[in-house]
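Count residues from 1 along the sequence.
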Amino acid sequence: HLHEKLFTEFKRIYQTGKSSKIIDNEIIRPDGTGFFSEITAALMRDEAGNPTGFSGISRDVTEKKKAQLALEKSEEKYRTILNSIEDGYFEVDLTGQFVFVNHAMCRMLGYEAEEMLSISNKDYMDEENARKVYQAFNKMYRTGTPSSFLQYEIIKKDGTHAYHEVTFSLLRDRNDVPIGFRGVSRDLTEKIMVERALILSEERYRNILTTIDEGYFETDLAGRLTFINDAMATIFKYTKEELLGKPHKTYMDKKNADKVFKAYNQIFQTGRSNPSLQYEIVQKNGTHRSIESSVSLMKGIDNTVKGFRGIARDITERKQFIR
C-alpha cells in the first residue's frame with residue numbers, strides 16, 4: 001500500500017512539476033521496528049530543465065503521529081459516551097451555529113445531525129426565547145462565569161413546542177481564546193406540563209372549595225392549619241390570617257385538643273380516614289360550638305404523607321335538637 005501511495009505521489013510531482021508533502025508513511029526498519037515519516041519531495045532537473053529524479057527531506061514524526069492517534073482515540077471515546085447519554089449535548093460557535101450535537105440533542109429537536117449543523121437557535125426558537133438565550137450567552141462571553149440553569153421554549157422540526165433546561169460554558173481553543181459554547185440540555189416538557197396541569201387543577205378545586213357552604217381545611221402533620229376556605233373561617237369566627245399556621249389549641253380547650261390529636265394520630269398510624277370526628281371549638285367571641293369533621297390523610301405526588309385534610313360542619317343546633 002505504501003509503495004502504491006509513494007508511486008502515485010511521485011508520479012504527480014513528475015507530471016505537475018510541483019513539490020508535495022507526503023504524510024502518514026509507515027516505514028519498517030531492517031530490524032523490524034517501525035516509525036512514521038513525513039516526506040517533502042520535489043522534482044530535480046538538469047541545466048536544460050529536463051527531469052532527472054527527485055530530491056526530498058524526510059522527518060521522523062512518530063511521536064506526533066502517536067499523539068494524533070491518541071487524541072483521535074480519546075475523542076472517539078468521549079464522542080461515543082456523549083452519544084449514549086440521555087441528555088442533549090451541543091457545541092456552538094460564537095454566532096450560535098451548531099458545530100457538534102449528540103444523538104439525544106437531535107432526537108429532542110427532531111432533526112438529523114446534518115440538519116442540526118446548518119441551523120442556529122433562531123431557527124428553532126421564537127424571537128423572545130432566542131433573545132433570552134443570546135443575552136445569557138453574551139453575559140457568559142463577557143464574564144466567563146459558567147451559567148446556572150437556563151430554561152427556554154423551543155419549536156421542534158414538526159412544529160410542536162417543548163421546554164428545555166440547559167447549563168453551558170465557554171468553549172476555548174488551545175490558546176484559551178473563546179471560540180464558542182458547549183452545553184447540556186434536558187427536556188423538561190413533561191415535568192412542566194404536569195406542573196401546569198397541577199396548578200390549574202388546584203386553582204379549579206380551590207375555587208370550588210371557596211364557594212361551598214361546609215368548611216374545608218388542610219393541616220400539616222403537626223395539626224397546624226395550612227389552608228381553609230371561607231366557610232371554615234365563618235364557622236370559627238376568625239379571619240383566615242388568624243387561623244393559618246395555628247394548632248388546634250388556638251380554638252379548642254385542652255380536652256378537645258387532646259381528643260383531636262389522638263384521632264389524627266390514629267388516622268396517621270392506620271391510614272384510614274375518620275368520617276365523623278366530633279369535638280367542640282371555642283369561637284373568637286368565646287361561643288362554644290359543636291363540630292363534626294370527616295378527616296383523611298393528605299399525600300403528595302410522591303405518595304408521602306404531607307398532613308391531613310377534611311370537611312367540617314357546625315352541628316350545634318342538631319345536637320341541641322336531639323337533646
Considering only NZ, NE, NH1 and NH2 on the basic side and carboxylate oxygens on the acidic side, decide whether E292 and R318 come within less than 4.0 Å.
yes
Residues F227, F217; criterion ring pair (Phe, Tyr, Trp, His ring centres under 6.0 Å); working and verdict:
CA-CA 6 Å; F227 174 80; F217 63 90; over 10 Å; no
Can you list everything that forms a ring pair (Phe, Tyr, Trp, His ring centres under 6.0 Å) with Y251? Sequence neighbours excluded, please.
F236
For the atom pair CG (D126) and CD1 (I155), what is the distance rounded to the nearest 0.5 Å?
5.5 Å
Which residue pairs pass the salt bridge (Lys or Arg N to Asp or Glu O under 4.0 Å) test with at least one member in residues 151-166, sequence neighbours excluded?
E115-K157
Determine, stepwise, if the pair F36 / D60 fulfils side-chain contact (heavy atoms from CB on, under 4.5 Å).
CA-CA 6 Å; F36 287 93; D60 186 338; 5.6 Å; no
Let me see the working for Y111 and V101 under side-chain contact (heavy atoms from CB on, under 4.5 Å), right down to the final yes or no.
CA-CA 11 Å; Y111 290 90; V101 290; over 6 Å; no
So, for K132 and L150, which heavy atoms are closest and what is the spacing to 0.1 Å?
CE-CD1, 3.8 Å
Looking at CG of L244 and OG1 of T239, how far apart are the two atoms once the value is rounded to the nearest 0.5 Å?
8.5 Å
Heavy atoms of other groups near F261 CZ, more than 12 under 6.0 Å:
no
With a 4.0 Å cut-off, would you call E317 and R289 a salt bridge?
yes
Do other residues, nucleotides or ligands put more than 12 heavy atoms under 6.0 Å from the CG atom of D213?
no
Is there a path of hydrophobic side-chain contacts, each under 4.5 Å between heavy atoms of I/L/V/M/F/W/Y residues, joining Y124 to L117?
yes
If you draw a 6.0 Å radius around CZ in R172, do more than 12 non-hydrogen atoms from other residues or ligands fall strictly inside?
yes
Tell me, which pairs form a salt bridge (Lys or Arg N to Asp or Glu O under 4.0 Å) where one or both residues lie in residues 98-112, sequence neighbours left out?
E86-R107
Which other residues end up in the same hydrophobic cluster as Y134, if Ile, Leu, Val, Met, Phe, Trp and Tyr are linked when side-chain heavy atoms come under 4.5 Å apart?
none
Specify the closest pair of heavy atoms between Y14 and P51, including all atoms of both residues, with the distance to one decimal.
CE1-CB, 3.5 Å
Quick one: hydrophobic cluster around V282, which other residues, with the 4.5 Å side-chain cut-off, linked directly or via members?
none
Suppose clustering is done on Ile, Leu, Val, Met, Phe, Trp and Tyr with side-chain heavy atoms closer than 4.5 Å. Which residues sit in the same group as I192?
Y163, L188, M193
Look only at the side chain of D87 and the backbone of V184, and say whether a donor-acceptor pair between them is shorter than 3.5 Å.
no
Side chain to side chain, Q283 and Y238, heavy atoms closer than 4.5 Å:
no
Quick check on the hydrophobic clustering: are I228 and M252 connected, directly or via other members, by side-chain heavy-atom contacts under 4.5 Å?
yes
Please collect all salt bridge (Lys or Arg N to Asp or Glu O under 4.0 Å) contacts where either partner lies in residues 260-277, sequence neighbours excluded, each pair once.
none
Taking ring pair (Phe, Tyr, Trp, His ring centres under 6.0 Å) as the cut-off, I'd like each qualifying pair that reaches into residues 296-319, sequence neighbours left out, listed once.
Y264-F308
Residues in side-chain contact (heavy atoms from CB on, under 4.5 Å) contact with L171, at least two apart in sequence or another chain:
E91, I179, R182
Evaluate the side-chain contact (heavy atoms from CB on, under 4.5 Å) criterion for residues K139 and Q135: first the C-alpha distance (whole Å), next the side-chain angles of each, then the deciding distance (0.1 Å), finally the verdict.
CA-CA 6 Å; K139 180 180 179 181; Q135 290 172 346; over 6 Å; no
Of I235, V260, I315, L277, which meets side chain to side chain contact (heavy atoms under 4.5 Å, CB included) against I291?
I235
Using a distance-only test with no angle check, is there a side-chain donor-acceptor pair under 3.5 angstrom linking S293 and Y279?
yes
With rounding to the nearest 0.5 Å, note down the distance linking OG in S294 to CG in N274.
8.5 Å
Those residues at least two apart in sequence (or on a different chain) that pass side chain to side chain donor-acceptor pair (under 3.5 Å) with N303 are none
Just jot down the side chain to side chain donor-acceptor pair (under 3.5 Å) partners of S20, sequence neighbours excluded, or say none.
E9, R12
Restricting to pairs with a member in residues 219-231, which pass salt bridge (Lys or Arg N to Asp or Glu O under 4.0 Å), not counting sequence neighbours?
D220-R224, D230-K240
Should F181 and D93 count as side-chain neighbours, where that means a heavy-atom distance under 4.5 Å?
no
Go through the steps for H164 and D187 under the test side-chain contact (heavy atoms from CB on, under 4.5 Å), then give the verdict.
CA-CA 5 Å; H164 282 197; D187 191 334; 4.1 Å; yes
Taking the six-membered ring where the residue is Trp, are the ring centres of F90 and F100 under 6.0 Å apart?
no
When rounded to the nearest 0.5 Å, the distance separating CZ of R186 from NZ of K191 is 9.0 Å
Would you say that more than 12 heavy atoms from the other residues, nucleotides or ligands in this model lie under 6.0 Å from the CZ of F35, or not?
yes
